[in-house]
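Report on one structure; see the data block that follows.
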Amino acid sequence: MRNTPRMPRGQRGRSSRAIAAGLAAILSAGLLAACSSDDGGEGSGDTGGNGGDKDQITLTIGVFGQFGLEEAGLYDEYMAANPHIKIEQTSTQRSEDYWPALLTKLPTGSGLMDIQAVEVGNVYEAANDLSQYFVDLRDYEEVDTSHFLDWKVAQATSNADGKIVGLGTDIGPMGICYRKDLFADAGLPTDREEVGALWAGDWSAYVETGKEWQAATTSDAKWVDAGAGMFNAIVNSFSERYYNADGEVVYEDSEGVSAAWDTTMEAVEADLTAKHDLFSEEWNQGMANGDFATLSCPAWMLGYIEDKSGDEGKGQWDFAMAPQPANWGGSFLAVTEASKNKEEAVKLINWLTAPEQQAKLFTERGSYPSSTTAQEDPAVAAATHAYFSDAPIGELFKTAAEGIPTLITGPRDQVIQQGLSNGILVAEREGVDPDTAWSDTVKDINNKLDE
């Protein structure tokens, strides 16, 4: 158990960090100018692929990871219906690399895309501390937010003036993805309902099942991919995690963080984890190689697993309910004030997040809609996933989404979450005991919060 002396910590200031970000942006402005909207590069709407034809507009989109919009064919569909539009996407593999880079560009506007994706861990900051850099979507008549989950809209809304800075793409209701072949090897059931019953309502039962599995398996695999993924799944089943409702940093005393840390450390100490760094190349390869039997699996993870596991994994993977309902991830699309094509960019994000497109993104990629209208679409409600053994994912994710708590978010959620993930990885790889790992992690996080 964590035994570090803990003191209440107020909400951290951002002034020095904001100044540093501004200075970094100014110092790098000359370099970034080469790809800025001033010369028809990123953010440019002056020309598309038609060499100076002013009727052509290029809209640039910055995203992170396997975002899914391009992979689902939505860009091609939009461009076919709007021949004057060319869409160019730039993707950064990891969100924790994407967001700091974006922060350096916002103060000057140089190097920004017309549209920037915002992960849920950063949306509070975007809507409250950085809202001046994004357009207010209330100003555009074509924008319709009535079909979204209320809490999804609220996440992208400024507390001060009600400005809406982004439209939601998906949410991340949780399950457990598992390898049926590795379960069968250890004598565990492979039917998804029987599998879910092994740990229903109790993450400790998930760990105990892992111990039983690891004692029986003949493979070299581990029970779970990464402690950090397990931690995220558990902590997001609690409404209060890193901040309280008054905007104070409370992660050191949070029940959610305590439960997630202690349960994850039980798995780490039992050597149940494959010690992967989430979203690293080794983690990707581990999916293909069968390095682990289970992983915590938000809806958007299905497409990711299919991409990385490839043809050999088809039919080996299945999906069962998680021990407790939780939401991990979910993103937004925002239009930058630096864009020279705000009207067209707003039209595009409004279309990309409309119920029809959210339904298609789900059927193509498994990203569960943040639109209640899309959730009721028969293509979503009755969806199955061939790669995941024809799992009825529409039904499963709808059930998983019903119990999701409304998460309290704060401006530095991602800093805290990443710090905790790093601390868990150190404990996994270096054998640091949980109490020492906790103390070191708290020190590291608090230093970053004070920057």
Side-chain angles (χ1 to χ4, degrees), residues 173-234 237 263-264 266-276 278 282-326 328 366 384-393 395-397 399-400 428:
M174 291 289 308
I176 299 293
C177 291
Y178 65 98
R179 291 278 303 231
K180 294 192 299 183
D181 54 339
L182 292 176
F183 270 52
D185 170 73
L188 266 63
T190 59
D191 175 80
R192 65 183 65 94
E193 290 188 8
E194 294 181 38
V195 169
L198 293 173
W199 50 66
D202 187 358
W203 275 101
S204 293
Y206 172 76
V207 176
E208 290 304 314
T209 302
K211 292 176 182 178
E212 295 173 12
W213 175 88
Q214 201 138 301
T217 186
T218 63
S219 73
D220 293 328
K222 293 296 184 181
W223 174 241
V224 62
D225 62 325
M230 181 178 167
F231 174 88
N232 285 338
I234 300 173
S237 67
T263 307
T264 299
E266 182 182 357
V268 170
E269 290 193 295
D271 196 28
L272 300 182
T273 76
K275 304 177 178 61
H276 286 312
L278 294 178
E282 65 170 6
W283 184 64
N284 295 340
Q285 193 62 47
M287 289 184 185
N289 293 343
D291 284 357
F292 40 86
T294 71
L295 75 162
S296 299
C297 206
W300 49 264
M301 188 76 81
L302 301 188
Y304 194 97
I305 292 173
E306 183 173 358
D307 283 338
K308 303 307 178 185
S309 291
D311 292 341
E312 292 184 1
K314 185 175 182 179
Q316 298 291 359
W317 287 97
D318 209 330
F319 180 91
M321 298 301 291
Q324 294 175 323
W328 177 7
T384 60
H385 202 301
Y387 192 87
F388 283 81
S389 306
D390 294 317
I393 56 173
E395 176 186 338
L396 292 169
F397 282 128
T399 300
E428 288 176 292

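Note: hydrogens, waters and symmetry copies are ignored here, and every other heavy atom, side chains too, is used.
The OG1 atom of Thr264 lies 9.0 Å from the CD atom of Glu428; values are rounded to the nearest 0.5 Å. To the nearest 0.5 Å, the span separating CG on Leu198 from CD1 on Ile176 amounts to 11.5 Å. The OG1 atom of Thr273 sits 13.0 Å away from the CG atom of Leu295 when rounded to the nearest 0.5 Å. Once rounded to the nearest 0.5 Å, the distance linking CG of Leu278 with CG of Asp225 reads 6.0 Å. Atom CD of residue Glu208 and atom CH2 of residue Trp213 lie 15.5 Å apart, to the nearest 0.5 angstrom. Separating the CD atom in Gln214 from the CG atom in Asp271 is a distance of 6.0 Å, to the nearest 0.5 Å.
In this structure, Glu395 places its CD atom where only 12 or fewer heavy-atom neighbours from other residues, nucleotides or ligands lie under 6.0 Å away.
The aromatic rings of Trp300 and Trp328 sit perpendicular to each other, their planes meeting at more than 60°, with 30° as the lower class boundary. Ring planes of His276 and Phe292: perpendicular class, angle over 60° (limits at 30 and 60°). The aromatic rings of Phe183 and Trp199 stand perpendicular to each other, their planes meeting at an angle above 60°, with 30° marking the opposite boundary.
Contact detail for Gly315 and Ser389: the closest heavy-atom pair is O-OG, 3.2 Å. When all heavy atoms of Gln324 and Ser237 are compared, the pair lying nearest together is OE1-OG, 3.5 Å. Taking both residues in full, the closest heavy atoms of Ala270 and Lys211 are given as CB-CE, 4.0 Å, listed atom of the first, atom of the second, then distance. Nearest heavy atoms, Ala216 versus Ala186: CB-O, 3.5 Å. For the residue pair Met174 and Ala233, the shortest heavy atom distance occurs at CE-CB, 3.4 Å. Pairing each heavy atom of Ala391 with each of Arg192, the nearest pair is CA-NH2, 3.4 Å.
Distance alone, capped at 3.5 Å, is enough to place a donor-acceptor pair between the Asp191 side chain and the Glu193 backbone. Tyr387 places no side-chain N or O within donor-acceptor distance of the main-chain N or O of Asp307, the cut-off being under 3.5 Å.
When side chains are defined from C-beta on, Tyr304 does not count as touching Pro298, because their heavy atoms never get closer than 4.5 Å. The shortest side-chain heavy-atom distance between Lys180 and Tyr178 falls under the 4.5 Å cut-off. With contacts defined as side-chain heavy-atom distances shorter than 4.5 Å, the pair Leu302/Phe319 qualifies. A heavy-atom distance below 4.5 Å is not found between the side chains of Glu306 and Trp317. Between Val207 and Trp223 there is no side-chain heavy-atom pair separated by less than 4.5 Å. A 4.5 Å side-chain heavy-atom check between Thr209 and Leu188 finds at least one atom pair inside the cut-off.
For Asp185 and Thr218, the side-chain atoms include at least one donor-acceptor pair closer than 3.5 Å.
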